[in-house]
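Have a look at the structure below before the remarks.
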Amino acid sequence: VQLQASGGGLVQAGGSLRLSCAASGSFVSISDMGWYRQSPGKERDLVAIVTEAGHTKYGDSGLGRFFISVDNAKRAAYLQMNSLKPEDTAVYYCKFTLGPKDYWGQGTQVTVSS
């Protein structure tokens, strides 16, 4: 199983980006699908997650500005990020849970200039 994340880039403060993460490989179903981010010298933090039961949870950082969506048929998750701030600069990772195991994407860099 591999996760491919894309959509990062350089954007000015106040702008928007949409990240995508698609899973490939052989598996039956995905439980949780989420996005995390990590800035230099900091821990990797939750941005948003959709659980197997369909519940959505957001971390404090993007609450009200970031929105997660999933497409189970496409085995994909998306993160719409609006009103971006310089402090949102980080590497963004997707994580899917398949059975007892977590799979991480390679990370996509988001840089927000002031």
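Since we're looking at a predicted model, the values are computed, not measured.
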Residues joined to L10 in its hydrophobic cluster, side chain to side chain under 4.5 Å directly or through other members, sorted by chain and number, are none

The remaining residues in the hydrophobic cluster of Y78, counting side-chain heavy-atom contacts under 4.5 Å among Ile, Leu, Val, Met, Phe, Trp and Tyr, are none

Any idea which heavy atoms bring [X] and [Y] closest together, and the distance?
| X | Y | result |
| --- | --- | --- |
| N72 | M33 | OD1-SD, 4.0 Å |
| A48 | L79 | CB-CD1, 4.2 Å |
| V70 | A77 | CG1-CB, 4.0 Å |
| S114 | A13 | CA-CB, 4.4 Å |

When rounded to the nearest 0.5 Å, the distance separating CD of Q80 from OG of S16 is 5.5 Å

To the nearest 0.5 Å, atom CD1 of I30 lies from atom CG of L3 at 7.5 Å

For residues 100-114, the salt bridge (Lys or Arg N to Asp or Glu O under 4.0 Å) pairs (sequence neighbours left out) are K95-D102

Applied to residues 17-28, the salt bridge (Lys or Arg N to Asp or Glu O under 4.0 Å) test, sequence neighbours excluded, yields none

Considering only heavy atoms from C-beta outward, does the side chain of [X] approach that of [Y] to under 4.5 Å?
| X | Y | result |
| --- | --- | --- |
| Q38 | Y92 | no |
| V11 | T111 | no |
| S61 | R37 | yes |

R44 charged N/C atom sitting above Y93 aromatic ring, 6.0 Å / 45°:
yes

Under the salt bridge (Lys or Arg N to Asp or Glu O under 4.0 Å) rule, collect the residues that match up with [X], sequence neighbours excluded.
| X | value |
| --- | --- |
| D32 | none |
| R65 | D88 |
| D45 | none |

For residues 11-114, the disulfide bond (SG atoms under 2.5 Å apart) pairs (sequence neighbours left out) are C21-C94

Residues passing the side chain to side chain donor-acceptor pair (under 3.5 Å) test with Q106, sequence neighbours excluded, are none

Sorted by chain and residue number, the side chain to side chain donor-acceptor pair (under 3.5 Å) partners of S6 (sequence neighbours excluded) come out as none

The complete set of ring-ring contact (aromatic ring centres under 6.0 Å, His included) pairs with one or both residues in residues 39-77, sequence neighbours excluded, reads none

### Task
Identify whether I49 and L19 are in the same connected component of the hydrophobic contact network (ILVMFWY, side-chain heavy atoms under 4.5 Å).
no

Shared ILVMFWY cluster between V91 and L46, side chains joined below 4.5 angstrom?
-> yes

Before giving the answer on side chain to side chain contact (heavy atoms under 4.5 Å, CB included), spell out for Q2 and Y103 the whole-Å C-alpha distance, their side-chain angles and the decisive distance to 0.1 Å.
-> CA-CA 7 Å; Q2 288 187 327; Y103 294 85; over 6 Å; no

Sorted by chain and number, sequence neighbours left out, ring-ring contact (aromatic ring centres under 6.0 Å, His included) with Y36 holds for W104

Using the rule given for side chain to side chain contact (heavy atoms under 4.5 Å, CB included), can you reason through T89 versus V110, listing the C-alpha separation, both sets of side-chain angles and the distance that settles it, and then say yes or no? CA-CA 5 Å; T89 295; V110 172; 5.9 Å; no

